[in-house]
Protein chains: 2
Amino acid sequence: MKGEKKTQDDVVYEHIFDAILEQRLAPGTKLNEESLGDIFGVSRTIIRRALARLGYEQVVVLRPNRGAVVASPSLDEARQIVFARRVVEKAVTELVCENADANQIEQLKQMVRDEQACFDRGDLGAGIRLSGEFHLLLAEIAKNPPLLSFQRSLVSLSSLIIAQFEKGTAKSHCSYDEHFELIDAFAKRDKEKAVALMMHHLDHIEEKLNLGDEAEENDLKAIFSNVMSRKQSAPQA
Amino acid sequence: MKGEKKTQDDVVYEHIFDAILEQRLAPGTKLNEESLGDIFGVSRTIIRRALARLGYEQVVVLRPNRGAVVASPSLDEARQIVFARRVVEKAVTELVCENADANQIEQLKQMVRDEQACFDRGDLGAGIRLSGEFHLLLAEIAKNPPLLSFQRSLVSLSSLIIAQFEKGTAKSHCSYDEHFELIDAFAKRDKEKAVALMMHHLDHIEEKLNLGDEAEENDLKAIFSNVMSRKQSAPQA
DNA sequence: GGCTCATTTTTTGTACACATTTACGTCTAC
DNA sequence: GTAGACGTAAATGTGTACAAAAAATGAGCC
C-alpha cells in the first residue's frame with residue numbers, strides 16, 4: 001500500500017527495535033555505536049540517529065557520554081506505562097467506534113489473522129510485533145496524529161515490558177481472541193463494550209507484571225549474590 | 001534546584017523553541033541548518049540534533065532532503081491537538097488531586113504568580129511559556145513519566161497554536177485566574193471540580209481557534225484562490 | 001592481599017569535508 | 001510566448017577525522 005522509500009535510519013531503527021522486541025537484545029544490553037555501524041554497514045552518524053529516536057521513545061536509555069543501553073523498566077515504571085496506555089486506549093477506542101468504516105474493520109481482522117498465524121507457528125517475536133501493530137492501526141483509524149505518535153511510543157514500551165516480564169509465562173500475550181472481540185464491538189459501534197473490553201485487555205498485561213519477577217541477568221550482582229556468599233564451595237566437578 | 005549541565009543541543013533546542021513560542025519565528029519559517037549553526041556558533045551536527053528533536057515533538061516539520069520549517073498546524077490539526085490534551089489533562093488532573101502535597105501546591109502557586117507578573121508587565125512570550133510550564137509541572141506532580149513526556153509535546157504544540165491563532169485577540173491566553181482556581185481544587189482534592197475546571201480551561205483554547213483564522217502567508221493557494229477566478233478583472237489602479 | 005592512583009584504551013561528542021538531492025534560472029525549440 | 005530541458009547554485013545527507021570524556025588496565029603503595 002504505502003510505497004515510501006525508507007531512509008537508512010529507519011531501517012536501522014526497525015532492526016534494533018525488532019531485535020529488542022524479539023529478545024535478541026536483552027534489557028540492559030549496551031548498544032555500542034561503532035559495533036552497530038559495522039553490523040549494518042553504515043557510519044556512526046546513522047546509528048546515532050536511530051539511537052536518538054529509540055531514546056526519545058524511551059525504548060533505549062541514553063546516558064550522556066556513556067552510551068545507550070536497552071531500557072529495562074522497573075515494575076513501577078511498567079505499571080505507569082500501562083496506566084498511560086489505559087488513558088490513551090480509552091480515547092482511541094471511543095474514536096474508533098465513531099470513525100471505523102467497513103474497509104478498516106476488514107483491515108483490522110486481517111491483521112489479527114496474521115497475528116494468530118504467527119503465534120500458531122511459534123514465531124513469538126513477529127507475534128508480539130503484530131499484536132502491537134494492531135493497537136497502532138487503531139490509533140491510525142482514530143485519526144488523531146498526536147495520539148498516534150504517543151501510542152507508538154507506548155506500544156513499543158509495552159512490547160518491551162511484555163518481553164521482559166513474560167519470560168516463563170505460558171499464557172499468550174495480547175491474545176488475539178480479545179482482538180477479535182474488540183473488532184466485533186467496533187463494528188457494532190458499541191463504545192461501552194469496546195472500552196470495557198480494552199480495559200480488560202490491559203488488565204491482562206498488568207496481571208503478568210505481578211507474576212513474572214523483574215530481576216534479570218542485567219543485575220549481575222543480584223544474580224551472583226548467592227555465589228559470593230559461598231565462595232569456597234566446590235568450584236567445578 | 002536542578003544543577004544538571006546542559007548539553008549544547010539542549011541550549012540550541014531551547015533557544016529555537018522559545019523563539020517559536022515568542023513568535024520571533026513565525027509558523028512556516030524555513031530553518032536553515034548552516035545559518036542556525038553560524039548564529040549559535042556550533043556546527044550543523046548540533047543544529048541537526050536540535051531540529052530532529054523539535055521534529056519529533058512536531059513543533060517543526062522535517063521534510064526529507066528539503067529541510068525543516070516551523071510547523072503551522074491547520075485548524076483541523078489544532079483541534080486534534082486540543083482533543084489529545086483533553087485526554088491527557090483529565091488523567092493528569094485526577095492524579096494531581098490524588099498525589100499533590102502542600103509543598104507542590106505552593107510550587108504551583110509560585111509559578112502562577114510568576115506567570116501573572118509576566119502578563120502584567122506585557123511580556124507575552126515569557127507568559128505563554130510559563131503558562132505551558134504550569135501544565136508541565138502538573139504532569140510532573142502526577143508522577144507518570146510517559147504522560148509527562150507526551151504532555152511536553154502537546155504543550156509545545158498548544159503554545160504554537162495559541163501563538164498562531166491568537167494574533168489579534170485581546171483576551172489573555174491560558175488565563176492565570178483559571179490556574180489559581182485549579183490549584184484550589186487540587187488543594188481540596190476535589191477531583192470532579194478540578195477536571196471540570198480543566199476541561200473548561202481547554203474550551204477556552206478551542207474557542208480561540210474558531211475566532212482567529214488560520215490562513216497565513218504560508219498557504220498561498222488559499223489566499224489567492226479568489227484571484228484565480230477573476231483573472232481578467234481590473235489589474236491595477 | 002587489597003586498595004588507590006596514573007596510564008592506556010576504548011567510546012562518545014563535535015566539526016568538517018564530500019556526495020546527493022533539490023530548487024531555480026537560463027536557454028532552446030516549437 | 002510558452003513549455004520543456006539543461007546547467008548551476010545551494011542545501012541536505014553521510015562518512016570520517018579529531019577532541020574529550022569515561023572505562024579498563026596495570027603499577028605502586030599501604
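So that the names make sense, note that chain A is the first sequence line, chain B the second, and so on, each numbered from 1.
With C:dA15, C:dG13, D:dT16 as the candidates, the nucleotide lying closest to the side chain of A:Ser43 is D:dT16. Of the candidates C:dT22, D:dA22, C:dT12, the closest approach to any side-chain atom of A:Arg66 belongs to D:dA22. Among D:dG15, C:dT14, D:dT14, the nucleotide with an atom closest to any side-chain atom of B:Asp9 is C:dT14. Of the candidates C:dT12, C:dA15, D:dT14, C:dA15 carries the atom nearest the B:Val42 side chain, counting heavy atoms from C-beta on. Nearest nucleotide to the B:Gln8 side chain, out of C:dA15, C:dT12, C:dA23: C:dA15.
Spacing between atom CD of A:Glu33 and atom P of D:dA22 amounts to 15 Å, rounded to whole angstrom units. Taking atom CZ on B:Arg44 and atom P on D:dT16, their separation rounds to 17 Å, with Å as the unit. B:Asn32 places its CG atom 13 Å from the C1' atom of C:dA23, with the value rounded to the nearest Å. Between the CD atom of B:Glu34 and the C1' atom of C:dC18 there is a distance of 14 Å, given to the nearest Å.
Counting only distance, with no hydrogens or angles, the side chain of A:Ser149 and the backbone of A:Pro145 share no donor-acceptor pair below 3.5 Å.
Dashed line: the shortest gap from a side-chain N or O of A:Asn65 to OP1 or OP2 of C:dT12 is not under 4.0 Å. Between A:Lys30 and C:dT12 there is a side-chain N or O to OP1 or OP2 distance below 4.0 Å.
DNA chain D is contacted by both A:Pro64 and A:Gly41; A:Gly41 maps to the nucleotide lying nearer its 5′ end (nearest heavy atom per residue).
With no hydrogens or angles considered, no side-chain donor-acceptor pair links B:Ser74 and B:Asp76 at under 3.5 Å. Side chains of B:Gln151 and B:His135: a donor-acceptor N/O pair is absent below 3.5 angstrom, by distance only.
Only one option out of A:Val69, A:Thr29, A:Leu25, A:Ile20 pairs with A:Val60 in a side chain to side chain contact (heavy atoms under 4.5 Å, CB included); it is A:Ile20.
Contacts between residues 45-63 of chain A and DNA chain C, defined by a heavy-atom separation under 4.0 Å, are made by A:Arg48.
Using the six-membered ring where Trp is involved, A:Tyr56 and B:Tyr56 have ring planes that are tilted, between 30° and 60° apart.
With respect to B:Glu140 and B:Arg152, no salt bridge is recorded, no charged nitrogen being found less than 4.0 Å from a carboxylate O. Between B:Arg129 and B:Asp114 there is no salt bridge, since none of the side-chain N atoms of the basic residue sits less than 4.0 Å from a carboxylate O of the acidic one.
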